[in-house]
Amino acid sequence: MQNTLMEDRQLSSTPKFSAKYVPFNADSNSTESYHLDEIIYRSTSGGLLDVQHDMEALKKFDGKYWRSLFDSRAGKNTWPYGSGVWSKKEWVLPEIHCVDIVSTFEGNSNLFWARRFGKQVVGMNDLWVKNCGVSHTGSFKDLGMTVLVSQVNRLRRLNKPVVAVGCASTGDTSAALSAYCAMAGIPCIVFLPANKISMAQLVQPIANGAFVLSMDTDFDGCMQLIREVTAELPIYLANSMNSLRLEGQKTAAIEILQQFDWQVPDWVIVPGGNLGNIYAFYKGFHMCKELGLVDKIPRLVCAQAANANPLYLYFKSGWKDYKAVKAKTTFASAIQIGDPVSIDRAAYALMNSNGIVEEATEEELMDASAQADSMGMFTCPHTGVALAALIKLRKKGVIAPNDKTVVVSTAHGLKFTQSKTDYHSKQIADMACRYANSPVQVKADLKSVMEALSNFLQQHSKS
Ligand SMILES: Cc1ncc(COP(=O)(O)O)c(C=O)c1O
Ligand SMILES: N[C@@H](CCOP(=O)(O)O)C(=O)O
């Protein structure tokens with residue numbers, strides 16, 4: 001606590017940083033803006049909002065200052081700066097008081113060299129995985145939720161009308177929201193599409209004491225309902241339509257640069273569903289460039305499941321023709337979304353990063369995930385989508401063998417064991433499950449065990 005007070009004093013002697021809501025991608029004449037203490041999710045024209053920082057105040061410090069400030073906080077336990085998100089507090093929610101912050105010291109996830117997968121599967125020597133699923137609730141959603149729930153904590157202290165916080169979810173948003181709300185003692189409501197999320201995801205909000213409504217619809221149906229409900233009742237909306245979330249999520253991009261000692265990768269591949277995260281990555285990279293921490297940004301790839309691919313189709317039309325789709329069932333269930341809220345943010349991020357969109361079939365994503373697992377990872381199917389996209393882009397020659405490339409792993413594989421079990425027991429219709437590794441049934445006697453081992457060792461002496 002001592003350190004916190006010292007840091008607070010230091011910051012109060014520096015220029016005051018601030019942020020406000022503005023319409024997303026507003027034209028330069030727009031004067032529309034809102035204080036972050038207002039409860040608002042859409043601009044007057046009905047468009048998305050964005051959190052705009054006072055860049056002039058931030059620019060009073062050069063890139064070197066910000067790099068060393070962020071580096072000095074990494075991995076420490078000083079409240080709240082030991083969090084990977086709050087270590088960038090001045091760029092996230094500059095005005096929130098430290099006592100209002102609700103944090104599990106999220107972020108600071110490992111970025112590892114995927115050496116064997118890189119070499120053997122895609123012929124690359126500089127392939128990295130940013131492990132955002134190694135996190136308090138097992139997905140990258142914690143990065144955004146610490147920011148949103150902290151702001152709600154502040155709003156409630158200011159006696160603003162927030163009785164509960166609510167979201168629609170394919171599993172990970174609800175897990176993160178319920179955990180952070182439970183930590184702060186704030187009532188939490190989640191709308192889930194019945195039978196469309198994994199058991200491990202479903203049990204998270206239940207265990208964290210959320211009010212769970214399971215509905216006979218898909219994610220898009222739940223999203224529509226939560227939007228209507230939060231317009232009527234004093235329930236604060238926690239989906240990424242609420243631009244506060246993206247302020248936390250963008251810190252993963254800053255963290256990647258920091259972990260590379262401020263070297264910029266050539267490519268970053270992110271699986272996309274409701275499409276807030278791809279914009280959050282763009283925003284984090286862009287801010288680092290604008291404030292002089294780096295001199296360029298990576299090219300972004302958004303990877304979608306072919307069964308839920310509205311952004312891919314939009315990209316293929318040369319960004320001319322956008323239509324929502326009816327998302328079909330996919331093993332990448334957390335991105336089974338046909339009408340993404342942040343479609344405009346995603347298109348903007350990709351157009352401004354010379355980015356591309358790739359898609360993966362069910363077989364491609366499950367095979368890529370299984371191959372990665374066989375090389376020591378334990379990937380969720382969404383990470384499988386991103387890896388399958390990488391494999392395709394390498395085959396097409398779009399990504400070169402020496403390109404420094406980061407695949408963003410968005411959730412922990414342990415949330416998705418059922419699909420792995422089905423794959424490895426070859427229980428999936430119309431799928432060869434080429435990398436399945438089924439357990440060998442053997443009698444519990446030495447002779448049978450020795451026979452099985454001898455077969456195994458023979459195979460391996462040949463390989
Ligand atoms: C595990 C996982 N990966 C990827 C995504 C896609 O993120 P976004 O909705 O921000 O595109 C989600 C949620 O949608 C998710 O839960
Ligand atoms: N995958 C998400 C879908 C909702 O996305 P959000 O970022 O808009 O909350 C989930 O886990 O619910």
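FYI, side chains are in, hydrogens and waters are out, and symmetry mates aren't considered; it's all heavy atoms of this structure. Being a predicted model, the structure only gives us computed values, none of them experimental.
The local environment of NZ in Lys64 is sparse, with at most 12 non-hydrogen atoms from other residues, nucleotides or ligands closer than 6.0 Å. For Phe211, the CZ atom sits in a loose shell: 12 or fewer heavy atoms of surrounding residues, nucleotides or ligands are nearer than 6.0 Å. The environment of CZ in Arg156 is crowded: more than 12 heavy-atom neighbours from other residues, nucleotides or ligands sit within 6.0 Å.
Between Phe24 and Tyr279, the gap from one ring centroid to the other is short of 6.0 Å.
No donor-acceptor distance shorter than 3.5 angstrom exists from the side chain of Lys420 to the backbone of Phe416, with no hydrogens or angles considered. Side-chain atoms of Asp373 come within 3.5 Å of backbone N or O of Thr379 as a donor-acceptor pair. Side chain of Lys283 to main chain of Asp50: no donor-acceptor pair is present (N/O by atom type, distance under 3.5 Å, no hydrogens or angles). Under the 3.5 Å distance criterion, the side-chain polar atoms of Asp339 are left unmatched by any main-chain donor or acceptor of Ala324. No donor-acceptor pair closer than 3.5 Å links the side chain of His53 to the backbone N or O of Leu58. With hydrogens and angles ignored, the 3.5 Å screen pairs no side-chain donor or acceptor of Ser409 with any backbone N or O of Val129. Of the possible polar contacts, none joining the Asn309 side chain to the Gln304 backbone as a donor-acceptor pair under 3.5 Å is found. The main-chain N or O of Ala168 is found under 3.5 Å from a side-chain atom of Asn239 such that the two form a donor-acceptor pair. Looking only at distances, a side-chain donor or acceptor of Asn307 sits under 3.5 Å from a matching main-chain atom of Thr329. The backbone N or O of Asn437 lies less than 3.5 Å from a partner atom in the side chain of His424, making a donor-acceptor pair.
Of all the heavy atoms in Ile235 and Thr230, the pair that sits closest is O-CG2, 3.2 Å. Closest heavy-atom contact between Lys415 and Ser139: NZ-CB, 4.3 Å. Closest of all the heavy-atom pairs between Ala305 and Thr330 is CB-OG1, 3.8 Å. In terms of heavy-atom proximity, Ala368 sits nearest to Leu387 at CB-CB, 4.0 Å. The minimum heavy-atom distance between Gly118 and Leu127, with the atom names listed, is CA-CD2, 3.8 Å. Of all heavy-atom pairs between Gly84 and Asn108, the closest is N-ND2, 3.4 Å.
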| field | Val270 and Cys302: CA distance, side-chain angles, deciding distance, side-chain contact (heavy atoms from CB on, under 4.5 Å) verdict | value | CA-CA 5 Å; Val270 186; Cys302 190; 5.6 Å; no
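Remark: Arg154 engages Asp37 in a salt bridge, criterion side-chain N to carboxylate O under 4.0 Å. For the pair Lys392 and Glu359, the salt-bridge criterion is not met [side-chain N within less than 4.0 Å of a carboxylate O]. With salt bridges taken as basic N to acidic carboxylate O contacts below 4.0 Å, one links Arg73 and Glu90.
Checked options Val190, Ile206, Ile189; the residue passing with Ser174 is Val190 (criterion: side-chain contact (heavy atoms from CB on, under 4.5 Å)). Considering Phe260, Phe117, Phe112, Trp267 in turn, Phe260 is the only one that fulfils the ring-ring contact (aromatic ring centres under 6.0 Å, His included) rule with Trp128.
Taking 4.5 Å as the limit, every side-chain heavy atom of Asn153 sits out of range of all side-chain heavy atoms of Tyr180. You'll find the side chain of Thr137 stays beyond 4.5 Å of the side chain of Asp172, heavy atoms only. For the pair Lys130/Glu255, a side-chain contact is recorded, criterion being any heavy-atom separation below 4.5 Å from C-beta on. In this structure, Leu36 and Gln151 have side chains that are in contact, with non-hydrogen atoms separated by less than 4.5 Å. Inter-residue side-chain proximity for Trp262 and Ile254 is flagged as met; some heavy-atom pair is nearer than 4.5 Å. Tyr236 has its side chain within reach of Asn242: a pair of non-hydrogen atoms, C-beta onward, lies under 4.5 Å apart. Lys404 places none of its side-chain heavy atoms less than 4.5 Å from the side chain of Val264. At a threshold of 4.5 Å between non-hydrogen side-chain atoms, the residues Met199 and Gln418 do not count as touching.
Once rounded to the nearest 0.5 Å, the distance linking OG1 of Thr104 with NE2 of His136 reads 5.0 Å. Atom SG in Cys98 sits 8.5 Å away from atom CH2 in Trp79 (nearest 0.5 Å). Here the straight-line distance linking atom CD of Gln371 with atom CE of Met366 works out to 12.5 Å at 0.5 Å rounding. Within the model, atoms NZ of Lys141 and OG1 of Thr410 stand 8.5 Å from one another, a figure rounded to the nearest 0.5 Å. To the nearest 0.5 Å, the span separating CD1 on Ile101 from OG on Ser83 amounts to 8.0 Å. To the nearest 0.5 angstrom, Thr146 atom OG1 is 11.5 Å from Leu244 atom CG.
Side-chain polar atoms of Gln258 and Asp71 form a donor-acceptor pair below 3.5 angstrom. The closest side-chain donor-acceptor pair between Thr405 and Asp266, if any, does not fall under 3.5 angstrom.
The cationic group of Lys89 does not satisfy the cation-pi geometry with Phe17, failing either the under 6.0 Å distance to the six-membered ring centre or the 45° limit from the ring axis. Remark: Lys88 is positioned above the aromatic ring of Phe70, its terminal NZ or CZ atom under 6.0 angstrom from the ring centre and at most 45 degrees off the axis.
Aromatic ring pairs are classed by plane angle as parallel below 30°, tilted from 30° to 60° and perpendicular above 60°; the pair His286 and Tyr282 is parallel.
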